[in-house]
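Since the model is a prediction, treat every value here as computed from it, not as a measurement.
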Amino acid sequence: MRPPEGEPGDGPPAVPLLEPREGVPPVVTGAAELERVIAAFAAGSGPVAVDAERASGYRYGQRAYLIQLRRAGAGTALIDPIALPDLSGLDAALADAEMVLHAANQDLPCLAEVGLVPRRLFDTELAGRLLGYPRVGLGSMVENVLGFVLEKGHSAADWSTRPLPEDWLRYAALDVELLVELRDALQVELADAGKLDWALEEFAAILTTPPKPPRPDPWRRTSGIHRVRNRRALATVRELWEARDKIARERDLSPGRVLQDAAIIELAQQTPGTPAELQALPTMRGRGARRHQSAWLRAVARARALSDRKLPEPTVPGDGPPPAHRWADRDPEAAKRLTAARAVVAALAEEHSMPSENLMQPDSVRRLAWTPPDEASPSAVAAALRDLGARRWQIELTAQPIARAFHRLEHKEG
C-alpha cells in the first residue's frame with residue numbers, strides 16, 4: 001500500500017483553506033437565478049466539480065438538500081434542490097462535460113432524483129483507492145495531494161435546515177473548491193502508475209451498473225436482531241420495523257429518530273402489553289420513543305396474534321453462497337478454493353498497491369470459489385469472472401493466477 005503522507009517532517013505544513021476564491025456565493029433558489037447559473041456553466045470549460053449534502057440521520061431517505069458545482073470560467077454555484085427540484089436544464093447544458101465527484105456512489109442517486117446524471121465521471125475517492133492512498137476521505141486527499149487543509153465539522157449536519165448558516169455554506173463551497181485540481185493531480189498519478197485505463201473502466205462501471213434491487217426483508221437488517229431467538233419475536237421485530245418506517249416516512253424523519261433499533265429489539269424480547277409495561281423498559285424512557293407508544297403496542301399485539309404459519313422463518317435463503325465460516329463443513333473443496341482465491345487476490349492487491357476489494361469484490365471471489373467453472377483454465381475463470389461483473393483489467397490480472405491455484409488444488413486432490 002502507498003505509505004502514509006502528510007506526516008510531520010514530510011514537507012511544508014499544509015495550508016488551511018478558509019475561504020472560497022470568489023467568496024461564498026448566494027444559494028440559488030429561483031428560476032431566474034438558475035437560468036443564469038446554467039448559462040455560466042454552459043460557457044465554462046473543463047470538468048465540473050459536483051457535490052451534494054444530504055440530511056442522513058435527520059430525514060427519511062437520502063435526498064439532496066444542497067448541491068454544489070464548480071467549473072473553470074463559471075465559479076461556484078450553490079443550488080437548493082428543494083426549491084428547485086428539476087435541474088434537467090442544467091444537466092442538458094453539462095451533457096458533454098466530465099463530472100468530478102468524491103465517492104460518487106453516495107451522491108449519484110440523489111443527483112439523479114433532480115435530473116443531474118453524469119455521462120462521464122471521475123471519482124477522486126476511487127482514484128485514491130486504486131493508487132493505494134491509506135486515507136481517501138476528501139479532506140485527507142486534498143491535504144496529501146494538494147497540500148491544503150479543508151474545514152471540517154459540518155458533514156453530519158442537518159442540511160434540511162433553512163436558512164442554511166453561513167459557515168455551513170462556506171464549508172459546502174470549499175468542498176468543490178479544489179476538486180478539479182485534485183482530479184487533475186490524480187490523473188497524472190494514475191497515468192504514471194499505469195492505472196489510468198483501470199480507473200476509466202471503474203468510472204464507466206459506476207455509471208452503467210444498475211442499482212441493487214431493494215432487499216426483500218429490510219427489517220432483518222435491524223441492528224441486534226441476532227439476539228432475537230424465536231419466530232414470534234422475529235414477527236414482533238418485523239411489525240415494529242414496519243410501523244416505525246410508516247411513521248418515519250410520513251413525518252420525513254430518519255427512522256432512528258422515531259425509534260432506535262435497540263428499542264425494537266427490547267420490545268420484541270419483552271413484548272409489553274400495556275403503556276406502563278412499555279414505559280418501564282430502559283430503551284423507552286426518551287420522549288421520542290414514547291410519542292408513538294400506542295403504535296408500538298399495536299405492533300406487538302399484531303405479532304402476538306399471528307398464527308404460527310404466518311411467522312417469519314429464522315433465516316431466508318440468499319441467492320449466493322452460504323457464509324464462508326460454514327464452508328469447511330458443507331463443502332471442504334470449496335473452502336480450499338476460497339482460501340486459495342483470496343490468497344491470490346490479496347497478493348496481487350499488495351503488488352499493485354490497492355485494497356483487495358478494489359481488485360476484486362469479495363462477493364465475486366466467494367461465488368467463483370463456491371461455483372467454479374467446469375475446468376480450471378484461465379479462459380474459463382475469465383468467463384466466470386466476466387459473468388460476475390468483473391472489469392477487463394481485473395480479469396486480466398486475476399484470471400490466470402486463480403486458475404493456476406484451482407488447478408493445483410485439483411491436481412493435489414487427484
Enquirer: Roughly how far, to the nearest 0.5 Å, is NZ of Lys336 from CG of Leu409?
Expert: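 Going from the CG atom of Leu409 to the NZ atom of Lys336 covers 7.5 Å.
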
Enquirer: Mark yes when over 12 heavy atoms from residues, nucleotides or ligands other than His352 sit less than 6.0 Å from its NE2; otherwise mark no.
Expert: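 Above 12, so yes.
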
Enquirer: Flag the pair Glu125 and Arg129 as a salt bridge only when some basic side-chain nitrogen lies within less than 4.0 angstrom of an acidic carboxylate oxygen.
Expert: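 Answer for the salt bridge query: yes.
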
Enquirer: Would you check if the side chain of Arg231 reaches a backbone N or O of Pro312 as a donor-acceptor pair within less than 3.5 Å?
Expert: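 Judged by distance alone, yes, a pair lies under 3.5 Å.
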
Enquirer: With a 4.5 Å heavy-atom cut-off, do Val176 and Thr76 have their side chains touching?
Expert: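 Yes, side chains in contact.
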
Enquirer: Between Arg71 (side chain) and Phe41 (backbone), is there a donor-acceptor pair under 3.5 Å?
Expert: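 Looks like yes, one N/O pair under 3.5 Å.
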
Enquirer: Under 4.0 Å between a Lys/Arg side-chain N and an Asp/Glu carboxylate O for Asp107 and Arg54?
Expert: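 Salt bridge: yes.
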
Enquirer: Look at atom CD of Glu202 and say whether more than 12 heavy atoms of other residues, nucleotides or ligands are closer to it than 6.0 Å.
Expert: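 Enclosed: over 12 neighbouring heavy atoms sit under 6.0 Å from CD of Glu202.
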
Enquirer: Specify the closest pair of heavy atoms between Ala268 and Thr236, including all atoms of both residues, with the distance to one decimal.
Expert: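 It is CA-CG2, 3.7 Å.
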
Enquirer: Looking only at atom types and distance, does a side-chain atom of Ser364 sit under 3.5 Å from a main-chain N or O of Met360, one as donor and one as acceptor?
Expert: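 Judged by distance alone, no pair lies under 3.5 Å.
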
Enquirer: Between Asp252 and Arg59, is there a donor-acceptor pair closer than 3.5 Å when you use the side chain of the first and the backbone of the second?
Expert: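 A pair under 3.5 Å: no.
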
Enquirer: Does this structure show an ion pair linking Glu250 with Lys246, if we count only N-O contacts that are shorter than 4.0 Å?
Expert: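 Result for this pair is yes, salt bridge flagged.
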
Enquirer: In the structure I gave you, are the side-chain heavy atoms of Thr398 and Leu359 within less than 4.5 Å of one another anywhere?
Expert: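 Yes - at least one pair of side-chain heavy atoms lies under 4.5 Å apart.
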
Enquirer: Would you verify whether the NZ or CZ of Arg404 falls within 45 degrees of the ring axis of Phe406 while also being under 6.0 Å from that six-membered ring's centre?
Expert: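 That pair does not qualify as a cation-pi contact.
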
Enquirer: How long is the span from the OG1 atom in Thr29 to the CD1 atom in Ile79, to the nearest 0.5 Å?
Expert: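 With rounding to 0.5 Å, OG1 (Thr29) is 11.0 Å from CD1 (Ile79).
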
Enquirer: Can you list every salt bridge (Lys or Arg N to Asp or Glu O under 4.0 Å) pair that touches residues 84-101, not counting sequence neighbours?
Expert: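 Passing the test, one end in residues 84-101: Asp91-Arg119, Glu98-Arg183.
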
Enquirer: Indicate the atoms forming the closest heavy-atom contact of Arg232 with Ser307, along with that distance.
Expert: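 Heavy-atom minimum between the residues: NH2-C, 4.4 Å.
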
Enquirer: Can you check whether Trp327 reaches Thr339 side chain to side chain, under 4.5 Å on heavy atoms?
Expert: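 Counting from C-beta outward, Trp327 and Thr339 never come under 4.5 Å.
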
Enquirer: Would one find more than 12 heavy atoms of other residues, nucleotides or ligands at under 6.0 Å from atom CZ of Arg326?
Expert: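 Open: at most 12 neighbouring heavy atoms sit under 6.0 Å from CZ of Arg326.
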
Enquirer: Which heavy atom of Leu150 sits nearest a heavy atom of Gly139, and at what distance?
Expert: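 The pair with the smallest heavy-atom distance is CD1-CA, 4.3 Å.
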
Enquirer: Does any part of the side chain of Leu101, heavy atoms only, come nearer than 4.5 Å to the side chain of Met99, both counted from C-beta?
Expert: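 They are in side-chain contact.
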
Enquirer: Are Arg290 and Gln279 close enough that some pair of their side-chain heavy atoms sits under 4.5 Å apart?
Expert: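 In short, these two side chains touch, coming nearer than 4.5 Å.
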
Enquirer: Using modelled atom types only, decide if a donor and an acceptor are shared between the side chain of Gln394 and the backbone of Asn358 within a distance under 3.5 Å.
Expert: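 Yes.
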
Enquirer: For a quick test of reading the model, state the closest non-hydrogen atom pair linking Trp198 to Leu397 and the distance between them.
Expert: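 Heavy atoms only, the tightest pair is CH2-CD1, 3.8 Å.
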
Enquirer: Please round to the nearest 0.5 Å and tell me the distance separating atom OG1 of Thr274 and atom CG of Leu297.
Expert: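 Result: 7.5 Å between the selected atoms.
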
Enquirer: Before accepting this row, confirm whether a basic side-chain N of the pair Glu201/Arg391 lies closer than 4.0 Å to the acidic partner's carboxylate O.
Expert: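 Looking at Glu201 and Arg391, the cut-off is not met.
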
Enquirer: At their closest point, which heavy atom of Gly46 faces which heavy atom of Ala97, and how far apart are they?
Expert: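 Here Gly46 and Ala97 meet closest at O-CB, 4.4 Å.
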
Enquirer: With a 4.5 Å heavy-atom cut-off, do Leu234 and Leu311 have their side chains touching?
Expert: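 No, every pair of side-chain atoms sits at 4.5 Å or beyond.
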
Enquirer: Strictly by modelled atom types, are Glu189 and Tyr133 linked by a side-chain donor-acceptor pair under 3.5 Å?
Expert: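 Present: a donor and an acceptor within the cut-off.
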
Enquirer: Can you measure from CH2 (Trp168) to CG (Asp158) and round to the nearest 0.5 angstrom?
Expert: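 Output value for this atom pair is 6.0 Å.
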
Enquirer: Would you say Arg244's side chain and Val258's backbone share a donor-acceptor pair under 3.5 angstrom?
Expert: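 Answer holds: no.
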
Enquirer: Taking Arg392 first and then Asp197, would you say they form a salt bridge - that is, a charged N and a carboxylate O separated by under 4.0 Å?
Expert: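 Salt bridge flag = no for Asp197 with Arg392.
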
Enquirer: Rounded to the nearest 0.5 Å, what separation is found between the CD1 atom of Ile225 and the CD1 atom of Ile264?
Expert: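 Those atoms lie 9.0 Å apart.
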
Enquirer: Short question: side chain of Thr209, backbone of Ile206 - any donor-acceptor pair under 3.5 Å?
Expert: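 No, Thr209 side chain to Ile206 backbone: no donor-acceptor pair under 3.5 Å.
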
Enquirer: Could you list all the salt bridge (Lys or Arg N to Asp or Glu O under 4.0 Å) pairs where at least one residue sits in residues 358-371, not counting sequence neighbours?
Expert: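 Matches after skipping sequence neighbours: Asp319-Arg367, Asp363-Arg366, Asp363-Arg367.
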
Enquirer: With a 4.5 Å heavy-atom cut-off, do Ser160 and Tyr65 have their side chains touching?
Expert: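 They are in side-chain contact.
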
Enquirer: Less than 4.5 Å apart, side chain to side chain, heavy atoms only: is that true for Leu138 and Leu182?
Expert: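 A side-chain contact exists here, since the closest heavy-atom pair is under 4.5 Å.
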
Enquirer: Side chain of Ser377, backbone of Ala380: donor and acceptor closer than 3.5 Å?
Expert: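 Yes, the answer is positive, given that a donor and an acceptor are paired below the 3.5 Å cut-off.
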
Enquirer: Using a distance-only test with no angle check, is there a side-chain donor-acceptor pair under 3.5 angstrom linking Tyr60 and Asp245?
Expert: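 Checked: Tyr60/Asp245 side chains pair up, N/O donor to acceptor below 3.5 Å.
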
Enquirer: Between Ile67 and Leu69, what is the shortest heavy-atom contact and its length?
Expert: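 Distance-wise, the nearest heavy atoms are CG2-CD1, 3.8 Å.
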
Enquirer: Would you give the length of the straight line joining atom CG of Leu348 to atom CE of Met354, rounded to the nearest 0.5 angstrom?
Expert: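 Those atoms lie 9.5 Å apart.
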
Enquirer: Does a donor on one side chain sit under 3.5 Å from an acceptor on the other, for Gln68 and Glu53?
Expert: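 Glu53 and Gln68 do have a side-chain donor-acceptor pair below 3.5 Å.
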
